[in-house]
Amino acid sequence: MPTRRVILGGLGAAGALALAGAGGRARAASSLQPAPGVAGGRLHEFEIVAAEHRGGIVGAAAPDAPFWLYNDTPFLPLRVKRGDTIRARLRNRLPEHTAIHWHGIRLPNNMDGVQYVTQPPVEPGQDFTYEFSPPDTGTFFFHSHCNGVSQIGRGLAGVLIVEGDEPAAFDGEYVLAMKDWRLGESGEWLPFYTDEGAGRAGTFGTVRSVNGQQSVEHLVPAGADIRVRVLNIDPTRMIDLGVDGAEAWVIATDGNPVDPFPLHTWRMGAAMRADIHIRTPKQGQVFRVLDYFAATPWPLATFTSGQPRGPEKPAAPKKLYAPHVPRANLAGAERLTFRFSAAAGAVASIIDAFPPGDPLAQQMLDSLCAGNRGLWAINKTQWPADGHLRLPPPLAVLQQGRSYIFDLVNTTPHPHPIHMHGHTFEVLSASKQELPRFLADTVIVQPKERVEIAFVAAAGGWMLHCHILEHQENGMMGWLRVV
Ligand code: C2O
Ligand code: CU
């Protein structure tokens, strides 16, 4: 295994420049205190029914469309503490198969909820029970992993909060789960998939919402410290999270505690989460959590300060406990490159091989959880790689317990939020963004950008894909085999 110095020598000055700031730079010491140990948590038995639901969502838009929800609740919230065990029985009352992927949770591979890869699909009328104990605190979510474009498009996603990261409680906590809806004028579903969207930045919703509603307002105490958990559950949209009218800090990224830094704007692609600490302003003042990416900043929530919490105290960021994620040994890490690109050549439609209208064609697409367009690729490989009824070969074979640095390279003109299952990685550098080092399970790779991530490999077969779901389902997905 060549040392880092040797690699740099081999690349010459340009390569060395591009790589500077990666493995070589020492990690700054964290000021976060370790969490106290947890002793024998409790068992939570959840019953999660996936079914159609009408009414009560995106109020003023009064949609007629049938939503697909867990337990008739938009973004069904589940709350546990670190050390607890989740036993969740999924009951499928939908007209098609589904499963639950626990996004961002480091769990045993057979609980990862990827149809055909880690478990058989849960067919209509069937059940499947997930059981695991989340090793990390934080803000997570869960969703189906097959046909997500339309299942998540119809609302099939829930929020999972793992508590246990607060040395001192906040004065209040708010969850903002953001997702748009593809609704037409008379409240009907518009197509979730479009060729134009899938081939570019994704298909956007027509109605924006937070927590399934068009506006979220809260009265909060003045001079208080509140925690806001923001989730981007949209299949497409990217936001620039910011706060207007109050002091705010980012305290966790994708659920993972970070040394607090002031929130100016924080970019969040599909599937990304951020926890922020806000010091609420004086009584009578209004402040907003905004998406500054939109042409006109769009309010995710509006807060009004009411009665003061108590005597005024100076504002200072509140720190969470240090994360529990194993850190890669950067000096000894193996480096691999993954290129996210448009599909090479005219791979057009993988169903072209079938006579028109052949039912086998649809079955084949379904069995691979793929859309019918091969538009995108990772390392020139598409999902499915060869159109056969089997898992394509892994993008790479890794060794359990070993440290890796991945270079994620985007050769397309669109940003891609890249997600890796079963791991929490450290974002070491991004060639086009000014970022602190932080932990994540999904990272934006900007057009023509190279992003370095590092992690310690855990055993299993883990998906690596873009979380713009139309990209994922049209080629930009693969898997890693860790043995
Ligand atoms: Cu949130 Cu593979 O997904
Ligand atoms: Cu993408």
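Atom CG of residue D441 and atom CG of residue N256 lie 7.0 Å apart, to the nearest 0.5 angstrom. How far CD1 of I278 is from CG of L263: 8.0 Å, rounded to the nearest 0.5 Å. Here N109 contributes atom CG and R481 contributes atom CZ; the two are 11.0 Å apart, rounded to the nearest 0.5 Å. Remark: L156 CG to Q151 CD distance equals 5.5 Å, nearest 0.5 Å. Here the CD atom belonging to E426 is positioned 6.0 Å from the CG atom belonging to L330, to the nearest 0.5 angstrom. Atom CE of M178 sits about 5.5 Å away from atom CZ of R208, to the nearest 0.5 Å.
Contact annotation: the side chain of T424 never approaches that of P135 to less than 4.5 Å [non-hydrogen atoms, C-beta and beyond]. For the pair N110 and T118, the minimum side-chain heavy-atom distance is 4.5 Å or more. No side-chain heavy atom of R402 sits under 4.5 Å from any side-chain heavy atom of V456. Side-chain contact check for R154 versus F192: some heavy-atom pair is nearer than 4.5 Å. The shortest distance between side-chain heavy atoms of D275 and V230 does not fall below 4.5 Å. In this structure the side chain of Q214 never reaches within 4.5 angstrom of the side chain of I57, judged on heavy atoms. Within the 4.5 Å cutoff, the side chain of F141 has no heavy atoms near those of the I161 side chain. L176 places none of its side-chain heavy atoms less than 4.5 Å from the side chain of R229.
Aromatic ring centroids of W189 and F67 lie under 6.0 Å apart. Side-chain rings of F140 and W102 stay apart, their centers remaining 6.0 Å or farther from each other. For an aromatic pair to be called close, the ring centres must be under 6.0 Å apart, and W462 with H423 satisfies this.
When atom types are taken as modelled, the side chain of D84 and the backbone of K81 share a donor-acceptor pair closer than 3.5 angstrom. N92 places a side-chain N or O within 3.5 Å of a backbone atom of L94 that can act as its donor or acceptor partner. Of the possible donor and acceptor atoms, none in the side chain of D225 sits under 3.5 Å from a partner among the backbone N and O of R279. A donor-acceptor distance shorter than 3.5 angstrom exists from the side chain of Q433 to the backbone of I444, with no hydrogens or angles considered. Checking side-chain atoms of T412 against main-chain N and O of N410 turns up no donor-acceptor pair under 3.5 Å. Between the E470 side chain and the V149 main chain, no donor and acceptor come within less than 3.5 Å of each other. Remark: the backbone N or O of R200 is paired with a side-chain donor or acceptor of H471 at under 3.5 angstrom. Between the side chain of S209 and the backbone N or O of K179, at least one donor-acceptor pair lies under 3.5 Å. Looking at S403, its side chain never comes within 3.5 Å of a backbone N or O of A328 through a donor-acceptor pair. Distance alone, capped at 3.5 Å, places no donor-acceptor pair between the T253 side chain and the F438 backbone.
Among all heavy-atom pairs drawn from V243 and F287, the shortest one is CG1-CD1, 4.4 Å. Closest approach of C146 and S144 over heavy atoms only: O-OG, 3.2 Å. P34 and Y321 make their closest contact through O-CD2, 3.6 Å (heavy atoms, listed as atom of the first residue, atom of the second, distance).
For D136 and R106, the salt-bridge test passes: some basic side-chain N is under 4.0 Å from an acidic carboxylate O. Electrostatic pairing of D291 and R267 does not count as a salt bridge here, judged by no charged N lying under 4.0 Å from a carboxylate O. Remark: R335 engages E452 in a salt bridge, criterion side-chain N to carboxylate O under 4.0 Å. A salt bridge does not link E163 to R82: none of the charged side-chain nitrogens sits closer than 4.0 Å to a carboxylate oxygen. Salt bridge status for E166 with K318: absent, with no side-chain N to carboxylate O gap under 4.0 Å. Taking 4.0 Å as the cut-off between side-chain N and carboxylate O, R273 and D254 count as a salt-bridged pair. Between R288 and D244 no salt bridge is recorded (no basic side-chain N to carboxylate O distance below 4.0 Å).
Y130 pairs in a side-chain contact (heavy atoms from CB on, under 4.5 Å) with only one of the listed residues (I86, L90, I48, D112), which is L90. Screening I226, I251, V250 against H277 for a side-chain contact (heavy atoms from CB on, under 4.5 Å) leaves a single residue, I251.
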Evaluation steps, side-chain contact (heavy atoms from CB on, under 4.5 Å), between H145 and H465:
CA-CA 11 Å; H145 214 271; H465 63 86; 3.3 Å; yes
Working note: I418 + L464, criterion side-chain contact (heavy atoms from CB on, under 4.5 Å); need CA distance, chi angles, decisive distance, verdict.
CA-CA 7 Å; I418 302 300; L464 177 73; 4.0 Å; yes
Audit row: K319, D259, salt bridge (charged side-chain N to carboxylate O under 4.0 Å, His left out) steps and yes/no
CA-CA 7 Å; K319 293 175 183 176; D259 274 80; 5.1 Å; no
Could you go through the salt bridge (charged side-chain N to carboxylate O under 4.0 Å, His left out) check for R87 and E47 one step at a time?
CA-CA 9 Å; R87 185 181 292 158; E47 182 92 348; over 6 Å; no
Verdict with supporting geometry, W266 and I276, side-chain contact (heavy atoms from CB on, under 4.5 Å):
CA-CA 10 Å; W266 184 251; I276 55 181; over 6 Å; no
For I405 and I453: C-alpha separation, side-chain torsions, deciding distance, then whether side-chain contact (heavy atoms from CB on, under 4.5 Å) applies.
CA-CA 6 Å; I405 295 177; I453 62 170; over 6 Å; no
Could you go through the ring-ring contact (aromatic ring centres under 6.0 Å, His included) check for H103 and H421 one step at a time?
CA-CA 7 Å; H103 183 116; H421 285 212; 7.1 Å; no
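Ring planes of H143 and H101: perpendicular class, angle over 60° (limits at 30 and 60°). Ring pair F338/F406 is tilted by interplanar angle, where 30° to 60° counts as tilted. Taking the six-membered ring where tryptophan is involved, the planes of H414 and H416 are perpendicular, since the angle between them exceeds 60° and thus also 30°. Note: W181 and F75 have tilted aromatic rings, judged against thresholds of 30 and 60 degrees for the angle between ring planes.
Other residues, nucleotides and ligands contribute over 12 non-hydrogen atoms within 6.0 Å of the CZ atom of R91.
Side chain to side chain, N71 and T73 fail the donor-acceptor criterion of an N or O pair below 3.5 Å.
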